[in-house]
Enquirer: 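What follows is a structure written as structure tokens; I'll ask about it next.
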Amino acid sequence: MQTTLRNFTIMTGNITFTIIKPGAVSHEHIGDILKMISEAGFSIAAMKYTKLSQIQAAYFYNVHKERSFFSGLVEFMTSGPIVVAILEKENAVEDYRKLIGNTDPAKAEPGTIRKLFAESVQRNAVHGSDSDSNARKEADFFFSKSERFDRDGNFLELVPAE
Ligand code: IDP
Ligand code: MG
């Protein structure tokens with residue numbers, strides 16, 4: 001039997017990383033949110049249903065460790081299962097931040113994911129990377145090289161964004 005080796009696709013700046021947070025999962029909004037992501041032109045490069053440990057959540061939100069909301073955020077993020085995914089699209093980071101809306105749902109534009117599904121600033125339905133370099137770091141934290149694919153099914157190799 002012959003095995004054909006697929007190519008690796010190298011991406012710079014065309015991916016972002018998202019989490020559907022515990023509140024949105026427990027309220028059965030996974031399907032609605034994935035539909036919005038798909039209709040906005042993002043394709044799924046990697047995805048899993050998982051649950052964060054305290055250490056994983058603290059590491060992921062380490063940049064906020066001095067903030068007053070940090071311990072509450074870690075508690076919330078570990079309170080139930082989540083969906084983590086790498087999304088691929090041109091200009092992915094910026095376009096996804098637009099699609100999810102402001103951190104505070106009261107300030108989010110109508111029609112954004114957070115406006116529709118967030119319960120509060122903390123329980124704001126989804127995470128979206130804030131830069132190309134963080135998108136890559138977050139994608140690397142959750143997915144191995146053999147778990148991410150481009151639209152043709154080739155392995156997706158991530159390289160540092162300039
Ligand atoms: P972002 O998710 O829009 O990038 P960040 O400022 O990076 O917002 O904050 C990370 C997460 O921490 C938010 O998505 C939210 O869940 C939580 N958070 C941010 N600010 C507050 C706050 O003032 N009170 C409670 N939770 C907050
Ligand atoms: Mg952030």
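Counting starts at 1 for both ligands and their atoms, following the listed order. It should be emphasised that the depicted structure is a prediction, and the values quoted were computed from it without experimental measurement. For the numbers below, each heavy atom of this structure counts, side chains included, while hydrogens, waters and symmetry mates do not.
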Enquirer: Using side-chain contact (heavy atoms from CB on, under 4.5 Å) as the criterion, point out the one residue from Val83, Ile86, Leu87, Ile20 that pairs with Met47.
Expert: Val83

Enquirer: Could you go through residues 25-36 and list every donor-acceptor pair under 3.5 Å that involves a side-chain atom there, pairing it with any protein atom two or more places apart or in another chain?
Expert:
from  : atom 1 : to    : atom 2 : distance (Å)
Ser26 : OG     : Pro22 : O      : 3.3
Ser26 : OG     : Gly23 : O      : 3.1
His27 : ND1    : Gly23 : O      : 2.8
Lys35 : NZ     : Glu39 : OE2    : 3.0

Enquirer: Could you tell me whether Lys107 atom NZ has more than 12 heavy atoms of other residues or ligands within 6.0 Å of it?
Expert: no

Enquirer: For ligand 1, run through the N/O pairs with the protein that fall under 3.5 Å and put one pair on each line.
Expert:
from     : atom 1 : to     : atom 2 : distance (Å)
ligand 1 : 2 (O)  : Arg114 : NH2    : 3.0
ligand 1 : 3 (O)  : Arg97  : NH2    : 3.0
ligand 1 : 3 (O)  : Thr103 : OG1    : 2.5
ligand 1 : 3 (O)  : Arg114 : NH1    : 3.0
ligand 1 : 3 (O)  : Arg114 : NH2    : 3.4
ligand 1 : 4 (O)  : Arg97  : NH1    : 2.8
ligand 1 : 4 (O)  : Arg97  : NH2    : 3.2
ligand 1 : 7 (O)  : His64  : NE2    : 2.9
ligand 1 : 8 (O)  : Thr103 : OG1    : 3.3
ligand 1 : 9 (O)  : His64  : NE2    : 3.4
ligand 1 : 14 (O) : Lys21  : NZ     : 2.9
ligand 1 : 14 (O) : Asn124 : ND2    : 2.9
ligand 1 : 16 (O) : Lys21  : NZ     : 3.0
ligand 1 : 16 (O) : Gln122 : O      : 2.8
ligand 1 : 16 (O) : Asn124 : OD1    : 3.4

Enquirer: What residue pairs, at least two apart or across chains, pass ring pair (Phe, Tyr, Trp, His ring centres under 6.0 Å) with a residue in residues 76-109?
Expert: Phe42-Tyr96

Enquirer: With sequence neighbours left out, what residues match Arg148 under side-chain hydrogen bond (donor to acceptor under 3.5 Å, both in side chains)?
Expert: Asp140

Enquirer: Any chance the rings of Phe142 and Phe17 have centres within less than 6.0 Å?
Expert: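 Close enough - the centres of the two rings lie under 6.0 Å apart.
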
